[in-house]
Amino acid sequence: MNKISVYALAALMAAAATAQQKIVVDGSTTVGPIAKAFAEYFMAANPDVNITVSESGSGNGAKSLVNQTCDVADMSRPMKDSEFKAAADKGIQPVAHVVALDGLPILVHPSNPVQELTVEQVRKIYLGEITNWSEVGGPDQKIVAISRDTNSGTYETFEEKVMDKQKIREDCEYVGSNGAIRQRVQSTPAAIGYAGLGFVDKTVKALKINGIYPSAETVQTGEYPVARPLFMYTNGYPKLGSPLYRFVTIHLGADGQEMVEEIGFVPVTSY
Amino acid sequence: MRLGTRKLLDKAFSGLGLMAIALMAMALVLILTPIIWRGSKAYLFKGTIEHRRVMLEQFGRGDAKAFNRETRQAAEARAPVYRMLEEFEAEMKAMDRTVRRNYKDAYGEVEEALHVLLGPRPGKRTPVLLRQQYGQTRWDRTMVKLHEVLYATEWDYSTPGAMGVQIEKPRVDQFRGTRLEPLFDYLPAHIDEMMRPRTTFYWRFITDTSKDSHIFGGIWPEVLGTIYLTLGAMLFAVPMGVIAAVYLCEYAKEGRIISFLRICISTLAGVPSIVFGLFGLAFFLNTIHVSDSKSVLAGSLTLSLLVLPTIIRSSEEAILAVPRSYKEAAFGLGAGRWRTVLTVILPAALPGILTGIVISMGRAAGETAPIIFTAAVSVGMPLKLWETMNQPTPALPWNIYNLCTEHEAVDEIRHVQYGMVLTLVALVLLLNLAAITMRARIAKKLRG
């Protein structure tokens, strides 16, 4: 009996030693679709590597990287000083890989006749100074403002580029993911929200901001005012040739760029 | 109280009880019917030729010869569509530039919608993303996408001060008098031959891995992850819980400390599950590092803490329910305390203990919050047993939520979401059924 259990243990340990490699990806829900597509693409070519992707928000991604519980932190905003400091304290060196560009479309229900707003107007809506669509040329309906939660990189981009760091109105509704924003907007005619480019479909309408429609061109040239890069962070630059290295460089190849574009985001270069 | 009043009260009470049961049954039917009806569509649906193509190319299943024959027939039916596209493209090239501009965007939309419906155009390069390599795999989605080819959705904002109204413009109007016009009559008339729908029983939905984040394939990683997490939680919680219960009932001397412990256990049972989840992250992952990332192990440990109070309390009740005479008889025959517990009390209490385990198993399988931070991921491969020690896994409860709120193309794959719900409910039911039969058997054996 004892012998058997020793053998079993030995076999288990041997198996553990030969267990497949893993890459754990955590973080932004905006980068999530890109990470999932890359993971699928990578695993199809390398079945011995298991890539898991979770979408818990940029802030959580950064925390996971600092706590060394993930290999790649997806982030839709750059790391903050405090996060860099926490990382340095733990001996982690975050290295940024910009995998795509993203505009932050301001979304309304497609039945809303408003076609464009200025950054100023959007800010005032979220500040609570504009509360009715009639004030910006729409019908007489109370505006339902929807925002991402404060853990999200999308929220922080919005706070920086649109809100000018001013406080969002108190009755604003906070939701936990890009998908949830789209769902709230597509089911609420008087709603306004914002999400990553890859989440825009026919059920919602993206507005022109300052007269510019969010598209690949206007994001790339910087004309669209609410745009940002999307990051994958690793601890140090991955060992050349390692699975992790090949994973975080997929976006540099033509296939990677095509995937980014087809999901709805903007590739970093015009491949 | 008069006899008449008592009888009336009695009747009223039993009537209330009956009503409560009827209400519960109705609620159960209301909840279960849509779950079963919608969930079954993930398994049993009208699959198109594209579904069979996915099966053959991605999972290596199906009769290649029959499929090739079918593909040829479908390709024949589709050929006129592509011919019309080519003819129109040639026609467009010959147009004056200003005229061409009128058609360019509208034609792009048609081409795109056709790609979504039928898959990539023959002769064009294969897209990298898997979801673009195939047309619609299900007949219900095919009808939706066909509608999108035939009609452009626009919004009419002409009434000032009111919300816009959705109008559907037949796309054929944009192409009147061109070579593309017949396409819009051809498509609805021949969609059957192009897509070849057939009733499909896709039972492998439960044993297939997902392809391209659940757009194709099944839910095996999620099912397996749920099973691992549940069994793992039981592996830790059952021995600990039963031993704790035995100690509390048989060994501990009633006193302040013990009653304080009992209060603690009851309190633990009332702690919200998300608190357990955060505790699991802070303690198992960030403090004692049971694994270097989220893992099934960390998730199981967290879940075991969650169900521990239930197991302790129900085991305690079961042990206390063993007749005192059993114990006294064992002592009278000269058995020690340890022997009495092991050979007399525990076997007699087993059915009660099992009930507690059954209830906690269902709870562990369905809990989402404790595994968000400790074990669950959106996509991942099915794990081998030893990989559970340090790798995270998708799990049904979390992925249902994730699909519903975070997936970028959730409207395309609602059937997967409902399929997951049905599978989870069935899984919990099955676990319970197995345990209930086991319990009945043991109880029968005990009675002799």
Side-chain angles (χ1 to χ4, degrees), chain A residues 12-13 15-16 19-20 22 24-26 29 32-33 35-37 39-41 43-44 47 50-56 60 64 67-71 109-113 115 134 138-141 175-180 183 189-190 198-199 201-203 205 254-256 258-259 262-264, chain B residues 58 127-132 148 153-166 210-215 221 281 285-286 289 291-295 298 372-373 376-387 389-394 398 402-411:
Chain A
L12 202 69
M13 276 164 73
Q20 57 181 192
K22 61 163 181 175
V24 179
V25 185
D26 196 354
T29 69
K36 286 191 285 188
E40 180 76 29
Y41 175 80
M43 286 195 285
N50 182 18
I51 303 179
T52 57
V53 181
S54 24
E55 298 146 304
S56 55
N60 280 341
S64 297
N67 285 321
Q68 285 174 284
T69 53
C70 74
D71 302 305
H109 194 268
S111 71
N112 195 327
Q115 298 288 5
S134 60
D140 180 23
Q141 290 228 17
V175 296
S177 65
N178 285 289
Q183 277 185 9
F199 290 85
D201 60 12
K202 282 180 197 149
T203 60
K205 183 168 80 177
D255 283 0
E258 185 189 324
M259 280 189 273
E262 292 300 336
I263 293 168
Chain B
Q58 296 298 324
V128 181
L129 276 180
L130 212 56
R131 67 190 79 168
Q132 294 182 327
E148 277 170 24
T153 305
E154 279 176 23
W155 292 84
D156 174 21
Y157 304 118
S158 51
T159 328
M163 292 308 253
V165 187
Q166 188 176 356
S210 102
K211 295 274 174 192
D212 201 0
S213 40
H214 294 111
I215 288 176
L281 169 70
L285 283 180
N286 291 346
H289 300 289
S291 53
D292 56 4
S293 68
K294 290 184 193 180
S295 70
I372 298 177
F373 306 113
V377 290
S378 317
V379 293
M381 284 209 258
L383 299 181
K384 305 205 176 52
L385 188 58
W386 57 86
E387 289 165 353
M389 302 304 284
N390 69 347
Q391 294 202 16
T393 180
W398 161 248
N402 177 266
L403 269 194
C404 168
T405 61
E406 269 159 36
H407 198 281
E408 67 274 16
V410 63
D411 292 329

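Everything numeric here is computed off the predicted structure, so don't read it as measured data. Here is the naming used below: chain letters follow the sequence lines, and residue numbers restart at 1 for every chain.
Salt-bridge annotation for K22(A) and E387(B): absent, with no side-chain N of the basic residue lying under 4.0 Å from a carboxylate O of the acidic one. One finds no salt bridge joining R131(B) and E262(A) here, because no Lys/Arg side-chain nitrogen approaches an Asp/Glu carboxylate oxygen to under 4.0 Å.
Taken to the nearest 0.5 Å, the CG atom of N67(A) stands 9.0 Å off from the CG atom of L285(B). Rounding to the nearest 0.5 Å places OG of S293(B) at 11.5 Å from CD of Q68(A). Distance check, rounded to the nearest 0.5 Å: CD of E40(A) to OG of S210(B) gives 6.5 Å.
Not one N or O on the side chain of E406(B) forms a donor-acceptor pair closer than 3.5 Å with the backbone of G32(A).
When heavy atoms are compared at a cutoff of 4.5 Å, D255(A) approaches chain B by way of both its backbone and its side chain. With a threshold of 4.5 angstrom between heavy atoms, T29(A) approaches chain B through side-chain atoms but not through N, CA, C or O. Both the backbone and the side chain of D292(B) come within contact range of chain A, with heavy atoms under 4.5 Å apart. Within the 4.5 angstrom heavy-atom criterion, only side-chain atoms of L130(B), from C-beta onward, approach chain A. Neither the backbone nor the side chain of Q166(B) comes within contact range of chain A; no heavy atom of the residue lies under 4.5 Å from a heavy atom of that chain. Contact of E55(A) with chain B is made through backbone and side chain together, with heavy-atom distances under 4.5 Å. Looking at D156(B), neither its backbone nor its side chain comes within 4.5 Å of chain A, counting heavy atoms on both sides.
Shown here is M163(B), whose CE atom has more than 12 heavy atoms of other residues, nucleotides or ligands within 6.0 Å.
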Any chance you could lay out the side chain to side chain contact (heavy atoms under 4.5 Å, CB included) test for V377(B) and V25(A), step after step, and finish with the verdict?
CA-CA 9 Å; V377(B) 290; V25(A) 185; over 6 Å; no

Report the C-alpha separation of I263(A) and L129(B) in whole Å, then their side-chain angles, then the decisive distance to 0.1 Å, and conclude whether the side chain to side chain contact (heavy atoms under 4.5 Å, CB included) test is met.
CA-CA 9 Å; I263(A) 293 168; L129(B) 276 180; 3.9 Å; yes

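Side-chain contact check for D26(A) versus K294(B): some heavy-atom pair is nearer than 4.5 Å. Side-chain contact between V24(A) and P392(B): present, with at least one pair of heavy atoms (C-beta onward) separated by less than 4.5 Å. Looking only at side-chain heavy atoms (C-beta outward), P127(B) and E258(A) come within less than 4.5 Å of each other. Within the 4.5 Å cutoff, the side chain of T69(A) has heavy atoms near those of the N286(B) side chain. V379(B) places none of its side-chain heavy atoms less than 4.5 Å from the side chain of I51(A). In this structure, W155(B) and K205(A) have side chains that are not in contact, with every pair of non-hydrogen atoms separated by 4.5 Å or more. F199(A) places none of its side-chain heavy atoms less than 4.5 Å from the side chain of H407(B).
Here P110(A) is the residue among P110(A), A180(A), S177(A) with the most heavy-atom pairs under 4.5 Å with chain B.
Shown here for K36(A) and S213(B), the closest heavy-atom pair between the two residues is CD-CB, 3.8 Å. Closest of all the heavy-atom pairs between F373(B) and N60(A) is CE2-ND2, 4.3 Å. Here the closest non-hydrogen pair linking S54(A) and S378(B) is CA-OG, 3.7 Å. Among all heavy-atom pairs drawn from P113(A) and A162(B), the shortest one is CG-O, 3.5 Å.
The closest side-chain donor-acceptor pair between N50(A) and Q391(B) falls under 3.5 angstrom.
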